[in-house]
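Following: one structure in C-alpha cells, then a few remarks.
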Amino acid sequence: MLGYIYQLVRGFEQEHGVQPNLLYLSRFHSEHLKSAFDERFSLGQIMDMLQMEMIIDDEIMHPHVAWSHVANRVAS
C-alpha cells in the first residue's frame, strides 16, 4: 500500500507541480497502510510522516490524493 501511495504522490506532483496534502482511503485501505509500519505507529504519526491529511470514506474503491489550501492551512 505504501508503494502505491508513493506512486500516486509522484504522479500528482508531476502532473500538478505541487505535492498533494490529502489522502482519500477506505477504512480497509487505512488498516492496510497501518500494517506496513511497526505496530507502535499510529495513523496520525504515519500521516505526519507522509505530510498529508487522511480522509476515510468506506465508499472509496481506490486510494487517491488531492491538494487543498484548506488542508494545508489546517496542517500548518
Side-chain angles (χ1 to χ4, degrees):
M1 176 60 73
L2 194 54
Y4 182 73
I5 292 170
Y6 177 76
Q7 289 177 351
L8 291 174
V9 169
R10 294 292 298 149
F12 188 93
E13 286 178 321
Q14 290 174 349
E15 184 174 341
H16 300 286
V18 64
Q19 182 176 352
N21 59 5
L22 294 173
L23 175 61
Y24 291 83
L25 299 170
S26 69
R27 200 167 313 281
F28 172 77
H29 295 128
S30 67
E31 289 301 319
H32 193 62
L33 173 62
K34 192 169 188 246
S35 72
F37 289 84
D38 187 277
E39 62 189 27
R40 294 173 290 193
F41 284 92
S42 69
L43 279 175
Q45 291 170 314
I46 294 168
M47 297 318 295
D48 286 346
M49 283 190 289
L50 295 175
Q51 299 178 353
M52 301 173 85
E53 297 293 320
M54 182 185 316
I55 297 174
I56 296 178
D57 182 344
D58 286 331
E59 293 190 21
I60 294 173
M61 297 299 292
H62 301 284
H64 59 278
V65 294
W67 184 89
S68 169
H69 70 282
V70 174
N72 198 36
R73 198 172 319 144
V74 170
S76 49

Task: All pairs passing ring-ring contact (aromatic ring centres under 6.0 Å, His included) where residues 40-61 contributes a residue, at least two apart - done: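 Pairs touching residues 40-61 that pass the test: Phe37-Phe41.
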Task: Minimum side-chain heavy-atom gap Leu8-Tyr4 below 4.5 Å - done: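 Contact flag for Leu8/Tyr4 side chains = yes.
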TODO: With sequence neighbours left out, write down each residue that passes side-chain contact (heavy atoms from CB on, under 4.5 Å) with Ile5, or none if nothing qualifies.
DONE: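 For Ile5 the side-chain contact (heavy atoms from CB on, under 4.5 Å) partners, ignoring immediate neighbours, are Met1, Val9, Leu23, Leu33.
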Open item on the list: Tell me every residue that passes side-chain contact (heavy atoms from CB on, under 4.5 Å) with Leu43, counting only those two or more places apart in sequence or in another chain.
Closed with: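 Checked Leu43 against side-chain contact (heavy atoms from CB on, under 4.5 Å); matches are Ser30, Lys34, Ile46, Met54.
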Open item on the list: Would you say Met49 ends up clustered with Tyr6 if hydrophobic residues are merged whenever their side chains have heavy atoms under 4.5 Å apart, either directly or through other cluster members?
Closed with: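 No, it is not one cluster - the side chains of Tyr6 and Met49 are not joined through contacts under 4.5 Å.
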Task: Nearest-0.5 Å distance that lies between atom CD1 in Ile55 and atom NE2 in His64 - done: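 Between atom CD1 of Ile55 and atom NE2 of His64 there are 8.0 Å.
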Between side-chain atoms of residues 11-20 and protein atoms elsewhere (two or more places apart, or another chain), which donor-acceptor pairs fall under 3.5 Å?
from, atom 1, to, atom 2, distance (Å)
Glu13, OE1, Arg10, NH1, 3.2

Task: Backbone N/O of Gln51 and side chain of Asn21: donor-acceptor pair under 3.5 Å - done: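 Not confirmed, Asn21 side chain does not pair with Gln51 backbone.
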Open item on the list: With a 6.0 Å cut-off (strictly less than), is the heavy-atom count around CE of Met61, excluding the residue itself, greater than 12?
Closed with: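 Not more than 12 within 6.0 Å, no.
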Task: With sequence neighbours excluded, residues passing side-chain hydrogen bond (donor to acceptor under 3.5 Å, both in side chains) with Asp57 - done: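 By the side-chain hydrogen bond (donor to acceptor under 3.5 Å, both in side chains) rule, Asp57 matches no residue at all.
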- [ ] Return the set of residues passing salt bridge (Lys or Arg N to Asp or Glu O under 4.0 Å) with Asp58 (not counting sequence neighbours), or none when no residue passes.
- [x]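 Listed in chain order: Arg27.
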Task: Under the ring pair (Phe, Tyr, Trp, His ring centres under 6.0 Å) test, residues paired with Phe28 that sit two or more places apart - done: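 None.
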